[in-house]
**Student:** 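Got a structure here, written out as structure tokens. Questions coming.
In what follows, chains carry the letters A, B, and so on, assigned in the order in which the sequence lines appear, proteins first and then strands, with residues in each chain numbered from 1.
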Amino acid sequence: MTYLDGLNEAQYTAVTAPPGPVLVLAGPGSGKTRVLTHRIIYLMRELRVPPWQIMAVTFTNKAAREMAQRIARLMDGSPRGLTVGTFHSICARILRREGDNLPGYERGFVIFDTDDQIQVVKQTLKDLNLDDKKFPPYKMLNNISNAKNELIPSEEYAATNYISEVTRRVYGRYQEILRANNAMDFDDLLMNVVVLFDGRPDILQKYQERYQHILVDEFQDTNTAQYGLIKRLAAAHHHVFAVGDSDQSIYRWRGADYRNINRFRETYPDAQMVLLEQNYRSTQIILDVAKSVIKQNRNRVHKDLFTEREGGEKIVVREAYDEQEEASLIVDTVQRLMLENYSPRDFAVMYRTNAQSRALEEAFVRANIPYRLIGATQFYKRREIKDIVAYLRLIHNPADTVSFNRVINTPSRKIGAKTQDKVRAWAAQLALSPADAVVRLATDPDVQHPFTARAANALANFGDMLHTWQTIREEAAVGDLLDLILEGIHYRDYLDRIAKDDDEARDRWANVMELRNVAALSADVSLEDFLEQIALVSDVDALDEEENRVSLLTLHAAKGLEFPVVFLTGLEDGVLPHTRSLDDSESLEEERRLFYVGITRAEDRVYISHSFRRMFYGNWEATVPSRFLRDVPSELVEGASPAVQREQTKTRASSWDWSSNTRSSSGWKKEKRATAVSSPKPVSAKPKYQQSPDFDDDFDLAAPQTARYETGQKVRHAKFGEGIVIESKLTGNDEEVSVAFPDVGIKRLAASFARLEVIGD
DNA sequence: GGATCTCATGTTTTT
DNA sequence: CATGAGATCC
């Protein structure tokens, strides 16, 4: 039984538990994926459960992939018929299989993503004559989504006030439109399976018999729909193996409810509970910090995390002056640690909001350290990808009016809004979808239509193309179909036209080619499956995970990952915890869990930073160090306490300009920086008239008022050597100089950091 | 039909 | 500040 050898006692207990409800409370780094995979193998090998009777559910494709891979490795090949997937993909599969039993839907429904949903809500508001200023589409959509996650259909949506009354109507109409488009949104995938099961006990029974064993990962993140789904499937046999950690529940705002963990114990009073408390990731110090942070939350199951990695480096807490300094502190530390055998991939910089990534990126670019931004603009949300996918979707499902609207005049074929309205009205008259109507126009020369010759011609051309694609899509591989589309619509030319510069056009085209590659890779996949795949998969870029780069990511994106060195930034009240959570204790606890998740990602070292001032909506504001820092025991921290650091920053800051042009000369002190900032000394760019006699240039970070470099100047840079200034512009509080260096190429440099020496014009 | 301007807006986002 | 959506102009 080699595969059971390396398990600790608690893991072993969980893996070998007798069939029945099992709840595994797994602390961070306690080997939960290991337990899940080994449990699956145990079921198959020891309990002789056939693989097709096992379903393992995760939230992300990545988690599903990892689990499947680990099983395959341990078993020498993937077991036939084993179901491992996300909630959404498993539900989509069930709905496809039961396509004929779904009231209101036809086979081959498509999946609408968030963008499409917004379009539908806008259409809904128009239909109902509602003002989209008063009822912002995304808010309406949120309400609808929340209702679906709670398994509340539109008819049961409680109209307790004006807003909810409107929401109820919007929700109802929204569903009608989805059905007319033969489309489901993400939430429908879950809810419709539940609805199907509730309406058809025979179908439910079929799946209950098929899936005798159900395993759920990240159980704390389940919402009511997901929990309801599991509960129904397991109602007959109770063979549910749930793994989760309520301390890592950070998706409450998406309907996730960690109380499902308690519900589990109510649903299955005989559930076996297993606590995984041994951590295999972090040092004891890191763990102790994490524990004292999370301890402050109420109503939680206490876990006594421990590790064999005694001691460790103390964590470091630093206050920077502003975001830029915070970023350079981090970059400096990364550079220093890279001299000690760490490589870029060992570092992760985490933040609460995406907006914070900006300053960090700039600092990494400047320092020439490779980084990757995780989860920024998703591949499939890019305009060019959405365009092409819309064509594919329309070919597959002519009822999809959202895609039709997107595509009818993209690239422009001179079919304006007026004509489009006419198309819709005319199609309705013929009882056809707009797409089918346009095809009809192209194929039936006798058809009556209301269009001018010019419009009719343009429409017929489009209809003709559509018709061709529809005809060949049976035989052609998705990749070939895609090529035909690109050619037919001259998409490359279109990109060249709309892009601001060559770079953008090239980027966008590269993305299209990336999509084409994905299509080519799935050569024998049907169009329907391909569309589903790309609708349910978000991270195409997860492919090159092996790249040796520093990771920049939000705390949310960090869950489930681990890094030797972790930087947690923006530990300020208003950022972490976020302003929007300050007046609600539940949200505040979730913010604290975010912090906890961040700390527990680290193996060796944790660096926490906050800055003294931060830009909010265009103005600088002084910050308050995060209340969470008070929960970090000072004996585990290297350096001064936040309060002491704040005093030191104030001393330093008295030299810096507070409101852009006034300077407090009275508090001026000629001392070296109090904290270990090792960034290059900024160069003063103050105009002479502002300088006082005892002015110390070393401390001046204030804005230059005039450009110091101009195009054509010869300059010397300490590292890059001699170069020629090709551009210089003032940016807020600095000057950005582009310099062409013969050996290294063109560099964009911040004048205050680059210390360029002018050597001639 | 496309470019340009103005105005409001402002967490987190596994699918 | 920076972005995006809608209106307005050409």
**Student:** When you check the phosphate oxygens OP1 and OP2 of dT13(B), does a side-chain N or O of Thr554(A) lie under 4.0 Å from one of them?
**Tutor:**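 So the side chain of Thr554(A) is within the cut-off, an N or O lying under 4.0 Å from OP1 or OP2 of dT13(B).
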**Student:** If the threshold is 4.0 Å, N to carboxylate O, is there a salt bridge linking Arg593(A) and Asp247(A)?
**Tutor:** no
**Student:** Give a yes/no on whether any side-chain N or O of Arg358(A) is located under 4.0 angstrom from OP1 or OP2 of dT3(C).
**Tutor:**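 Indeed, a polar side-chain atom of Arg358(A) lies that close.
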**Student:** Let me know, please, whether Thr86(A) or His578(A) comes out on the 5' side of the other along DNA chain B by nearest nucleotide.
**Tutor:** His578(A)
**Student:** When you get a sec, tell me which of dT12(B), dT11(B), dG6(C) is the closest nucleotide to the side chain of Arg580(A)?
**Tutor:** dT11(B)
**Student:** Output the single nucleotide from dT14(B), dT12(B), dG1(B) whose closest atom is nearest the side chain of Asn409(A).
**Tutor:**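 When the side chain of Asn409(A) is considered, dG1(B) is the closest of dT14(B), dT12(B), dG1(B).
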**Student:** Write down the distance separating the C1' atoms in dT12(B) and dA5(C), rounded off to the nearest Å.
**Tutor:** 23 Å
**Student:** Would you mind telling me which of dT15(B), dG1(B), dT12(B) lies closest to the side-chain atoms of Leu536(A)?
**Tutor:** dT15(B)
**Student:** Whole angstrom is fine here: how far is it from CZ in Arg254(A) over to C1' in dT14(B)?
**Tutor:**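 Rounded to whole Å, this separation is 7 Å.
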**Student:** What is the distance from NZ of Lys133(A) to C1' of dT9(B), rounded to the nearest Å?
**Tutor:**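 To the nearest whole Å, that distance equals 12 Å.
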**Student:** So, does Asn61(A) get its side chain near the phosphate of dT15(B), meaning an N or O under 4.0 Å from OP1 or OP2?
**Tutor:** yes
**Student:** Check this for me, if you would: do Glu532(A) and Arg93(A) make a salt bridge, where the nitrogen-to-carboxylate-oxygen distance has to be below 4.0 angstrom?
**Tutor:** no
**Student:** Within the 4.0 Å heavy-atom criterion, would you say Lys122(A) contacts the bases, only the backbone, or no part of the nucleic acid?
**Tutor:**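 Lys122(A): backbone/sugar contact only, no base atoms under 4.0 Å.
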**Student:** What is the separation between atom CZ on Arg252(A) and atom P on dT13(B), rounded to the nearest whole Å?
**Tutor:** 17 Å
**Student:** Among dT15(B), dT11(B), dT13(B), find the nucleotide with the atom closest to the side chain of His556(A).
**Tutor:** dT13(B)
**Student:** To the nearest angstrom, how far is Asp115(A) atom CG from dT13(B) atom C1'?
**Tutor:**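 Value for this atom pair: 13 Å.
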**Student:** Please work out whether dT12(B) sits syn or anti, treating a glycosidic angle within 90° of 0 as syn.
**Tutor:**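 Anti for dT12(B); the angle lies over 90° from 0.
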**Student:** Please work out if Asp221(A) contacts a base, only the sugar-phosphate, or nothing of the nucleic acid, heavy-atom cut-off 4.0 Å.
**Tutor:** base
**Student:** Reckon Phe87(A) touches a base, only the sugar-phosphate, or nothing at all at heavy-atom distances under 4.0 Å?
**Tutor:**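 Phe87(A): no heavy atom of the nucleic acid under 4.0 Å.
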**Student:** Return whichever of Ser89(A) or Ser412(A) has its heavy-atom-nearest nucleotide of DNA chain B closer to the 5' end.
**Tutor:** Ser412(A)
**Student:** Do the side-chain N or O atoms of Tyr138(A) get closer than 4.0 angstrom to the phosphate oxygens (OP1, OP2) of dT13(B)?
**Tutor:** no
**Student:** Scan Leu553(A) against the nucleic acid and name what it touches under 4.0 Å (heavy atoms): base, sugar-phosphate only, or nothing.
**Tutor:**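 No contact.
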**Student:** Find out whether the Lys NZ or Arg CZ of Arg96(A) is both under 6.0 angstrom from the six-membered ring centre of Phe109(A) and within 45° of the ring's axis.
**Tutor:** yes
**Student:** Please report the distance, rounded to the nearest Å, between CG in Leu576(A) and P in dT11(B).
**Tutor:**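 Rounded to the whole Å, the gap is 15 Å.
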**Student:** Report yes if the distance between the aromatic ring centroids of Tyr171(A) and Tyr174(A) is under 6.0 Å, otherwise no.
**Tutor:** no
**Student:** Base, sugar-phosphate, or nothing: which does Gln117(A) touch, judged by heavy atoms less than 4.0 Å apart?
**Tutor:**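 Counting heavy atoms under 4.0 Å across all strands, no contact is made by Gln117(A).
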**Student:** Would you say a side-chain N or O of Asn354(A) is under 4.0 Å from OP1 or OP2 of dT12(B)?
**Tutor:** yes
**Student:** Report which part of the nucleic acid Lys559(A) touches: base, sugar-phosphate, or nothing (heavy-atom distance under 4.0 Å, all strands).
**Tutor:**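 Answer is nothing: Lys559(A) stays at 4.0 Å or more from every strand.
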**Student:** Kindly say whether the aromatic ring centers of His556(A) and Tyr251(A) come within a distance under 6.0 Å.
**Tutor:** yes
**Student:** Looking just at side-chain N and O atoms, do Asn149(A) and Arg254(A) make a donor-acceptor pair shorter than 3.5 Å?
**Tutor:**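 No pair is found: no donor N or O on one side chain lies under 3.5 Å from an acceptor on the other.
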**Student:** Would you mind reading off the distance between Leu373(A) atom CG and dT12(B) atom P, rounded to a whole angstrom?
**Tutor:**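 After rounding, the gap between these two atoms is 13 Å.
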**Student:** Using atom types as modelled and distance alone, determine if a side-chain donor or acceptor of Gln226(A) lies under 3.5 Å from a backbone N or O of Asn223(A).
**Tutor:** yes
**Student:** Output the rounded distance in Å from CZ (Arg383(A)) to C1' (dA5(C)).
**Tutor:**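 Rounding to the nearest Å, CZ of Arg383(A) and C1' of dA5(C) are 13 Å apart.
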**Student:** State whether the aromatic ring of Trp253(A) stacks on the base of dT12(B), taking stacking to mean ring centres under 5.5 Å apart and ring planes under 30° to each other.
**Tutor:** yes
**Student:** Could you tell me how far apart His88(A) (NE2) and dT14(B) (C1') are, to the nearest whole angstrom?
**Tutor:**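 Value for this atom pair: 8 Å.
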